[in-house]
Amino acid sequence: APLALIGYALFGGSKLLVFAAAGATAAVSASVVGALSGGDQSTAVTLTAALALASGVVYVIAGLIRLGWVTNFMSKAIMAGFITGMSIQIIVGQFGKLFGVKITDGNTFEKLWSAISQVGDWNWTATLIGVGSLLLIFAIQRFIPKLPAALTAVVISSVIVAVAGPDIDLVAEIPQGLPSFALPTGIDASTWLTLLAGGGVVLLVGFSEGWGASANISKKTHDSLDSNQEFRAYGAGNIGAGLLGGMVTTGSLSKSAAAMSAGAKSQMANIFLAGMVLLTLAFFAPLFQWLPETVLAAIVINALAESASPRKLETLWRIDKVDFALGLITFLIVLALDLLPAMMIGIILSIIYIVYRISFPGRAVLG
């Protein structure tokens, strides 16, 4: 986390994007590393850091050879559907933590049904604390906006757990100690080539999610983003993560939304966040032993509530029915499949529509 945050803060163009671990890139990392590690945990840890370095190199090369033109085909309509779908996907993915149950893997619809169908098995203590924290956060933001809402919920819930000791899932124990610089060793050339290929997949998945998050943020911050600069910044963040033995990272919509709701104004917030991570590893890690998972879910759901609103798609419907169709298709594919298929299909549909418009331009007969 520390060097990933600092790497993007130094080279990135978004004022508020939080650059950190994310679910989609974590899944890619697990897939690539799992196929190479042979089930050995220490090897998997080494390869995870190596994949972060390899991904960073791929990002930097993509920025240097100026592959950012690909983002020209990520139209506003596609991004509207992509961001709305991604927000809902993340929110539904938090229902397992919020209700204290294990939801099945699958697409967003399957996860939603899994959470609803297990209503008889919900941990009602976790549900009460989680939903109560969610309502508390909304109320503070509405009526006492100067009070840090998420932090207040974390402190209150941690005190309740420390005093009452309810039977709910807590954040895993965080080991203390500062990270150290290290290059992955004992990896042969063929494995590095495989990791570089995996880095290409990380780029596709990670940049789709990160660019969507940046586009959502830029509506409020009015950032003028250069996709080639973003490629290089993503490379710096991933190389920084790999040098500290970390995993692949990308721009995170949920973490960025949480940062904005907490009052972040610039990348200085992420510089301080990097410092807080180090302070936590050195001194504050024991405090997390009382933090409920359900409260973290409530924070994420609150942070993404606005992004999950269908208002962007409603606006497209009023302005341009074709753009609405492109946005809606992308939105549904995110929910039914995943982020990368949605972005790729959306880009293909955009290209087809561009070719159609060129083939049949508007004409007016004068005189």
### Task
List the steps, then state whether side chain to side chain donor-acceptor pair (under 3.5 Å) holds for E230 with Y8.
CA-CA 8 Å; E230 292 299 286; Y8 182 83; 2.6 Å; yes
Under 4.5 Å between side-chain heavy atoms, counting indirect links through other Ile/Leu/Val/Met/Phe/Trp/Tyr residues: same cluster for [X] and [Y] or not?
X: L304; Y: I88; answer: yes
X: L151; Y: F272; answer: no
X: W69; Y: I347; answer: yes
X: V119; Y: L98; answer: yes
X: V60; Y: M247; answer: no

Closest heavy-atom pair and its distance - [X], [Y]:
X: S87; Y: L253; answer: OG-CD2, 3.4 Å
X: G85; Y: L335; answer: O-CD2, 3.6 Å
X: A285; Y: Q176; answer: CB-CG, 3.6 Å
X: N216; Y: S307; answer: ND2-OG, 3.0 Å
X: I78; Y: T330; answer: O-CG2, 3.7 Å
X: Q141; Y: A149; answer: CG-CB, 3.9 Å

Counting only heavy atoms not in [X], do more than 12 fall under 6.0 Å of its [atom1]?
X: W124; atom1: CH2; result: yes
X: F288; atom1: CZ; result: no
X: F11; atom1: CZ; result: no
X: D105; atom1: CG; result: no
X: Q289; atom1: CD; result: yes
X: F109; atom1: CZ; result: yes

Heavy-atom side-chain contact between [X] and [Y] under 4.5 Å:
X: P184; Y: L47; value: no
X: W317; Y: L328; value: no
X: S114; Y: F95; value: no
X: P179; Y: L278; value: yes
X: T25; Y: T249; value: no
X: T48; Y: S29; value: yes
X: L36; Y: T194; value: yes
X: L64; Y: R232; value: yes

Is the backbone N or O of [Y] less than 3.5 Å from a side-chain atom of [X], with the two atoms forming a donor-acceptor pair by type?
X: D223; Y: S218; result: no
X: K15; Y: I217; result: no
X: W122; Y: I116; result: no
X: S309; Y: A305; result: no
X: S133; Y: V295; result: no
X: N238; Y: Y234; result: yes
X: N123; Y: D167; result: yes
X: S37; Y: A44; result: no
X: N270; Y: L17; result: yes
X: T84; Y: G81; result: no

### With S55, the side chain to side chain contact (heavy atoms under 4.5 Å, CB included) member among L51, L53, V57
L51
### Query
V28 and side chain to side chain contact (heavy atoms under 4.5 Å, CB included): which partner among V202, V33, L204?
V202
Gap separating the [atom1] atom of [X] from the [atom2] atom of [Y], nearest 0.5 angstrom:
X: K97; Y: I301; atom1: NZ; atom2: CD1; answer: 10.5 Å
X: L273; Y: L279; atom1: CG; atom2: CG; answer: 11.0 Å
X: S254; Y: M86; atom1: OG; atom2: CE; answer: 9.0 Å
X: L135; Y: R142; atom1: CG; atom2: CZ; answer: 15.0 Å
X: L313; Y: L326; atom1: CG; atom2: CG; answer: 11.5 Å
X: F324; Y: E314; atom1: CZ; atom2: CD; answer: 9.0 Å

### Task
Mind running side chain to side chain contact (heavy atoms under 4.5 Å, CB included) on K220 and E306 for me, showing each step along the way?
CA-CA 12 Å; K220 298 181 180 180; E306 183 178 350; 3.3 Å; yes
### Task
Would you check, one step at a time, whether the test side chain to side chain contact (heavy atoms under 4.5 Å, CB included) holds for V32 with V201?
CA-CA 9 Å; V32 173; V201 180; 5.8 Å; no
### Task
For the pair Q118 and D121, evaluate side chain to side chain donor-acceptor pair (under 3.5 Å) and give the outcome as yes or no after the intermediate values.
CA-CA 5 Å; Q118 296 183 73; D121 298 322; over 6 Å; no
### Query
Residues in ring pair (Phe, Tyr, Trp, His ring centres under 6.0 Å) with F231, at least two apart?
F207
#### Entry: Worked check of side chain to side chain contact (heavy atoms under 4.5 Å, CB included) between L225 and W211
CA-CA 9 Å; L225 297 176; W211 188 255; 4.0 Å; yes
### Task
Could you walk me through whether I137 and I299 pass the side chain to side chain contact (heavy atoms under 4.5 Å, CB included) test, one step at a time?
CA-CA 8 Å; I137 293 171; I299 292 171; 3.9 Å; yes
